Amino acid sequence: MDLNKSYDFKEVENQVIKEFSQMEINPQFAQNTFSIAVPPPNVTGSLHMGHALNCTIQDFLIRYNLLLGKDSVWFVGTDHAGIATQTVVEKNLLKQGIRRSDITPEEFLSKIWEWKEQYGSIILDQFQRLGIYANIKSARFTMDPEYTKAVKKAFVELYKKGYVYKGKRVVNWCPRCLTSLSDLEVVHKPTPTKLYYVKYKLNDGYIIICTTRPETILADTAIAVNPNDKRYSSLIGNYAEVPIVKRLVPIISDQEVDMEFGTGALKVTPAHDFNDFKIYQKNQQIDIINIFNTKAQLVIDKIINEHNKEILESYQGLDRYQAREKIIKDLTEQNLLHKIEDYTTNIGYCYRCDTVIEPYYSDQWFISMKELVRKPKEVVENDQIRFFPSTYKKVVIDWYENIQDWCVSRQILWGHRIPVYYCKDCGYEDASEEELRVCPKCGKNLEQEKDVLDTWFSSALWPFAVMYWPLDKFQKYQQNYYPTNVLTTAREIVFLWVSRMIVMSMFFLNQIPFKDVIIHAVILAPSGKRMSKSLGTGIDPLELIEKYGADALRMGLIIQTAESQDVKFSYEKIEMARNFINKIWNSIRYFQIRKTNPNAKSKLSFQTIELINLWLYLNLYELVNKLDQLANNYKFFDYCMSLYQFVWNVFCDWYIEFTKFMDYSDFEKTVQDALRIILLYLHPLTPFSTYFLYQKIFQKNIMQEKIQNAKDAIQEQIQNIENEGIKCSKIDDLIESIKQIRPFINEIINLTAKQNVTVHYQSFDDQIDHRDLIFLFNTFTKTVHNAVNDHKIDEQLSNYFVINTKIGSIKIFVEKEYISKFREFVDQKIRKLEENVNKIQKLLNNSEFILKADRQVVDNYREQLQNYLQMIEINKTILDQI
RNA sequence: GGGCGGAUAGCUCAGUGGUCAGAGCGCCUGCCUUACAAGCAGGAGGUCAUAGGUUCAAUUCCUAUUCCGCCCACCA
């Protein structure tokens, strides 16, 4: 078989992806398992960089544990993503000229289903392009019939146990999506606006309030001042007249009012402001008036009367911004607008459509959270669930401690309809998993609640619902795969999703849903801005796969995210990964070539060959131990870089170069053992190329191999080394010495334009065969050895420069005409040495240091100093003689 | 307002209480040395944000400051 000169990822990945997709990947229900539940992507979505990173991390863990011999199961699926999907389909229909109001709710709903059937699983196909080890065919969907059972059961149980209540509250309302939102679905952004100072008539004079939303004046039902505010204390209990509507409202006192802000007098609009609603709840005597419809347009029915009829009628139907303009105009005309100031404040926007949120007084369903959060807080506190990075532990605990009730009802169509049934006639209400049609009390027809549940309600059940809770078969999954080992996700859904999964799992199963939570980095655009389609700053992972291959993308993502929280996307790291895969490819290509041309050209002794092979085993052994530890601690970056450095800087740079002087049979076993380790450990990062190459070399499916077997082969050799007391460090010494000499040789070659430089060796260590040592040394440093222990050296000392290395002294010959230039170069080196010597001497002269520093540290310094001094001395003497 | 993270080479990022502070990319020099030019050898380039403190020793620990970013809460 021939491998191409460079790695053609397209050819390999196209072939391998076919084989991956034909594999049967199913839970084995074995003893030793590893499991992950994927954060289900939205059915609206397409693969973005966050998915790509998250998939890579999860697939790494799944494949790594698979190779450890575990029954490694990745539960996958998609989320119906309520508002998001409905919005997308709505826009889509609009493109076809269909407005939502043109069709019935039932028709609209079926359109969404059509859309879901057509596009809903595209993202999972895209996940497959990344090479994930999961059974896409068994993917769950948060609205499939079995999942729906879970949602119903969960809601009904919470309802029956009294955690669900319905109430009229001011909630976040999106006038475009026409639904309520939870606090977490509102994005606050500083927005420049104006502060309007408005005069309200008193019996005698005016009281001036200030507001950012003058249009809500029409819904004012009180004015509030701080009880300690002396300016207004005499007014408390009096009435003021709300401008335009000409309604009298009480002036009340409330601690919440900030005396410093504005005039210290606050207009109270309970139906359209969260704080005002709180004041309303505390003060029974004031009214609440809703003046908007669901689209935030004015409805004046409730406020119109004969005094204001003339002016108010022209407000009917205006949206909130038109109303604002108009009321400012009217106030100005009536001389009731005291002044206007510029002001910047945080305004809430819908996280889906970016419309300004309207606080809106409406009937909503809530889940009472305080009690539900108690156990989740405990399991996080006592590290039953661990967070990586650990700072999130505190963040989550804080959130639990300040928990607010969860508004779970949404006024949209796409979602799980709340399973509560009402009787219009007798007022009967109950929640039920089964559809109820007839009122058990009066026998009339029942109606089901129209609202649907927050999409995050069903997501919160994901880890166990994905395993078919509450069906009977759940128990089998629960025994083997629950809790899942790890959850990896983006930090933006820590509260929205992660913390709520813990709540639901503790409540329904009294079990944690996952043991570890990895919060991965956020990948920003190269500019440092958020990657976003609408801003045009997004980078499409699929395009990167086209350009660099999935393996390069996976590995490139891992080596650019480390543990930091925000990372600017770097193409260089993807290229680095691509080059690395090519490097491995070529190293294997080299061995394939050697295999087919096994011409014996062994130039080294048996002992040296043995030493080099064992040296590699020792390095492999250290590598493997390190990698296992890093993988266990989710240190993916370090794992990746350790492998990278081993393969490139140890295996390729040195071992492969050594094998060039060996016979194929001298290194065949060692190389096979090494490649087995390398490919197996690399497989979780770069599944395509490693699958392909493993197949080529070993004619086996890498995914059915076990890391342990490969480790055993290493372990055996390590035993040998220990038993025989073999000093593999000799090879390290050789390498180090070569690296030490190279700069000098390079300098001479540059000066003289010679291909080779003459050197003399003295007092080489004789643990390695002498001829081998000189041969290797010459080859790697581009030198020619002249004589060994040549006594004639002294006679022409002026032409030589001496360097002490771990394997002996090396005298480099320099032709006379280049000596002075070379001297400059050497002088520089010496100066650097002297700087270090000064530093160390200063330290060693410090008695405090000698007294207090670790013995080992002091000794190391002393040794280092001797080395430097010796080198300087020898070289100086020689330079002096020139 | 409360909380958290970051500032290290031209760029993107690792790392460390002590032994010339590292990688990739970029740059300079020399190489198509038969696995790999997606490569090989060598090199230049850093007061480790600023100011104090702790310590025999600080880029690393502590405090303050400046700048950047994130999260939570939203006083009209």
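Worth knowing before you read on, the calculation uses all heavy atoms, side chains too, and leaves out hydrogens, waters and symmetry mates. Bear in mind that the values here come from a model prediction, so they are computed numbers and not experimental data. Proteins get letters first, then strands, A, B, ... in listed order; numbering begins at 1 in each.
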Tell me the partner of B:rA73, counting only Watson-Crick (N1-N3 plus N6-O4 or O6-N4) or G-U wobble (N1-O2 and O6-N3) with both under 3.5 Å; none if nothing fits. none
Ignoring hydrogens and geometry beyond distance, is the side chain of A:D566 in donor-acceptor contact with the base of B:rC70 at under 3.5 Å? no
Quick one: label A:R491 by what it contacts on the DNA or RNA (base, sugar-phosphate, nothing), any heavy atom closer than 4.0 Å. sugar-phosphate
Who is the Watson-Crick or G-U wobble partner of B:rC67, with both distances under 3.5 Å? B:rG6
Would you say A:R742 places a side-chain N or O within less than 4.0 Å of OP1 or OP2 belonging to B:rG42? yes
Nearest to side-chain heavy atoms of A:A562, which nucleotide of B:rA35, B:rA14, B:rC72: B:rA14
Give one of base, sugar-phosphate or nothing for A:Y7, where a contact means two heavy atoms less than 4.0 Å apart. base
Mind checking A:V257 for me? I need base, sugar-phosphate or nothing, with any heavy atom below 4.0 Å counting as a touch. base
First encountered from the 5' end of RNA chain B, between A:I559 and A:N860: A:I559
Mind checking if A:S587 touches a base, just sugar-phosphate, or nothing, with heavy atoms under 4.0 Å? base
Is there, by distance only and without an angle test, a donor paired with an acceptor across the side chain of A:K568 and the base of B:rU12 below 3.5 Å? no
Between A:F849 and A:Y861, is the ring centroid distance below 6.0 Å? yes
For B:rU19, does OP1 or OP2 lie under 4.0 Å from any side-chain N or O of A:Y868? no
Identify whether any heavy atom of A:N846 sits under 4.0 Å from a base atom; if not, whether one sits that close to sugar-phosphate; answer base, sugar-phosphate or nothing. sugar-phosphate
Name the nucleic acid region contacted by A:R589, choosing base, sugar-phosphate or nothing; use a 4.0 angstrom heavy-atom cut-off, strictly under. sugar-phosphate
Taking CZ from A:R594 and C1' from B:rU34, how many angstroms apart are they, rounded to a whole number? 12 Å
So, is A:N746 close to the B:rG30 phosphate, meaning a side-chain N or O under 4.0 Å from OP1 or OP2? no
Remember a base hit wins even if backbone is also touched, and classify A:Y343 as base, sugar-phosphate or nothing at under 4.0 Å, heavy atoms. sugar-phosphate
What contact category does A:E401 fall into here, base, sugar-phosphate, or nothing, at under 4.0 angstrom with non-hydrogen atoms? nothing
Choosing from B:rC56, B:rA35, B:rU19, which nucleotide comes nearest the side chain of A:K852? B:rC56
With sugar-phosphate meaning primed atoms plus P, OP1 and OP2, does A:L524 contact a base, only sugar-phosphate, or nothing at under 4.0 Å between heavy atoms? nothing
Is it the case that the ring center of A:W585 lies less than 6.0 angstrom away from the ring center of A:F692? yes
Counting just side-chain N and O atoms, does A:W648 come under 4.0 Å of either OP1 or OP2 of B:rC40? yes
Determine the interatomic distance between P on B:rC11 and the same-named atom on B:rG26; round to the nearest Å. 16 Å
Rounded distance (Å) that lies between atom P of B:rC11 and atom OH of A:Y571: 19 Å
Would you mind classifying the nucleic acid contact of A:F637 as base, sugar-phosphate or nothing, using non-hydrogen atoms under 4.0 angstrom? sugar-phosphate
Can you tell me the Watson-Crick or wobble partner of B:rA44, both distances under 3.5 angstrom? none
For the rings on A:Y639 and A:F637, is their centre-to-centre separation under 6.0 Å? no
Looking at A:Y280 versus A:F277, is the centre-to-centre ring distance below 6.0 Å? yes
Run the side-chain contact (heavy atoms from CB on, under 4.5 Å) check on A:Y196 and A:H338 step by step: do they pass? CA-CA 8 Å; A:Y196 302 90; A:H338 176 63; over 6 Å; no
Please confirm whether A:F780 and A:W654 have ring centers closer than 6.0 angstrom. yes
Would you say the side chain of A:K5 and the base of B:rC36 hold a donor-acceptor pair, judged only by whether the two atoms sit under 3.5 Å apart? no
